[in-house]
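What follows is one structure encoded as structure tokens, with my remarks underneath.
All values below were derived from every heavy atom in this structure, side-chain atoms included, with hydrogens, water molecules and symmetry-related copies excluded. Nothing fancy with the numbering, it's 1 onward along the sequence. One-based numbering, in listed order, for ligands and for the atoms of each.
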Amino acid sequence: MSQTLFTNATLACIDGDTGYGLRGDYSLLVEDDQIKWLGPMAERPTTPDAEIIDCQQRLVTPGLIDCHTHLVYGGDRADEFERRLEGASYAEIAAAGGGIVSTVNATRAASIDDLFEQALPRLQQLMSEGVTTLEIKSGYGLDCDNEIKMLRVAGQLETELGLRIQKTFLGAHALPPEFEGRSDDYISLVCDEMLPRAHAEGLVDAVDVFIESIAFSVAQGERVLARAQELGLPVKAHVEQLSDLGGAVMAAARGALSVDHLEYLKTEDVARLALANSVAVLLPGAFYFLREQQLPPITALRQQGVPIALASDANPGSSPVHSLLLIMNMACTLFHLTPAEALRGVTLNAARALGMAREIGSLETGKQADIVIWDVERPSLLSYRVGMNPCRAVMQGGKWRGQSDG
Ligand code: DI6
Ligand code: FE
């Protein structure tokens, strides 16, 4: 058994319904991979064999969780960025065969090793800011072998970097060029072959769909989610990002873990999310990068108690962002979240969006010891500064990151 005792810590436990769950002058005991105890300094247990970490009143939070990324892909889209700045819109570029499809071509052409090497620095960047769990979607392969290849890379990143990665099948991300004009046939391929095969190989933790005018209809999205549920897999959906098609209501009615983006969600539909207990995953990086104007219905989400999570949406087309701290800042400045909502959005509510809130997302007895020590004393400083990384030390499952075993 190994023990670590954090002393003189300022804990943001994220354990109540709102706020930081802040505890000053606290102590926290980790035993093996779990949080065993926490309480005021004066009540700390006697642990002769524990490693003692004197936090000197520094802020200690749960490990950060990036619950929506497309981190594995080939190439980049800097050229498209330039074209947009010369006047073309994201939807125009997609309709002209650029956009997602250009990343599909680069991803298909890349080997497993290439994809791993390209994703690695992006992942390391996220990890350097205290990310201990993230989600990675497929969706740039768009055929059986290439979707499976992407999910394998996500699995390799998990094993080799020793963090928790949830693998999400997003075969219905875009229509591959070879199915032009036959989107229902592609959805049949997704449901009948791609998803069952990826699932049979143990590569799928959840299933996502992109419901949008430039992607798939609500009915097509529902076919994919229904198939996922037949296979016993949790579902989620990209919805209401660029227009209001009604995907969020459909996905929530199916008990989606999360509905993501939501800029165009109608205020009157928020109640349906609340009823279904779906998490609203907001992606301010995409909102920023695409210079969107329409804000998600934040006030209604908040008033009706829909849990709000935040994620990077790291992807080459709409959010080439690899910083959850920047996302927290953007959520505050662009979406008017409070810094406490922002921190909850990348911890407990992100864990909920992954269906993992029993194991991770807060500092509570029995949870995984995924813990970050920051070089700040107040949690608002995490959302407030831009371009500073105060991450001092990261513990993942009870082990210090950056130290080899033994
Ligand atoms: N919504 C997005 O913002 C990304 N995917 C999605 O479903 C964009 C992906 C890309 O442009 O490559
Ligand atoms: Fe996305």
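- With respect to atom 8 (C) of ligand 1, the closest heavy atom belonging to the protein is Y90 OH, 3.0 Å.
- Using a 4.0 angstrom heavy-atom cutoff, N315 counts as in contact with ligand 1.
- Proximity of Y140 to ligand 1, defined as any heavy-atom pair under 4.0 Å, is confined to the side chain (atoms from C-beta onward).
- For the pair R182 and F179, the distance from NZ or CZ to the six-membered ring centre is under 6.0 Å and the angle to the ring normal is within 45 degrees.
- With salt bridges taken as basic N to acidic carboxylate O contacts below 4.0 Å, none links R108 and D145.
- Here H68 meets the criterion, with an N, O or S atom under 2.8 Å of the Fe ion (ligand 2).
- A cation-pi arrangement is absent between R378 and Y20 under the rule of less than 6.0 angstrom and at most 45 degrees off the ring axis.
- H261 counts as a contact of ligand 1, since one of its heavy atoms falls under 4.0 Å from the ligand.
- Not one N or O on the side chain of Q304 forms a donor-acceptor pair closer than 3.5 Å with the backbone of A274.
- Closest to atom 5 (N) of ligand 1 among all protein heavy atoms lies H173 NE2, 2.8 Å.
- Restricting D313 to its N/O/S atoms, the shortest distance to the Fe ion (ligand 2) is reached by OD1.
- Distance from atom 1 (N) of ligand 1 to its nearest protein heavy atom, with residue and atom name: Q241 OE1, 3.1 Å.
- Here the heavy atom of the protein found nearest to atom 4 (C) of ligand 1 is S318 OG, 3.5 Å.
- With a 4.0 Å cut-off on non-hydrogen atoms, E212 does not touch ligand 1 at all.
- Residue-level proximity to ligand 1 for D313 is carried by the side chain, the only part with a heavy atom below 4.0 angstrom.
- A salt bridge is absent between K236 and D208: the closest approach of a Lys/Arg side-chain nitrogen to an acidic carboxylate oxygen does not fall below 4.0 angstrom.
- The backbone N or O of Q57 sits less than 3.5 Å from a side-chain atom of T10, completing a donor-acceptor pair.
- Under a 4.0 Å N-O distance rule, the pair R227/E230 qualifies as a salt bridge.
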Pair F6, W37 - check ring-ring contact (aromatic ring centres under 6.0 Å, His included), show working.
CA-CA 10 Å; F6 293 68; W37 176 90; over 10 Å; no

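- The contact set between ligand 1 and R77, taken as ligand atoms under 4.0 Å from a residue heavy atom, comprises 10 (C), 11 (O), 12 (O).
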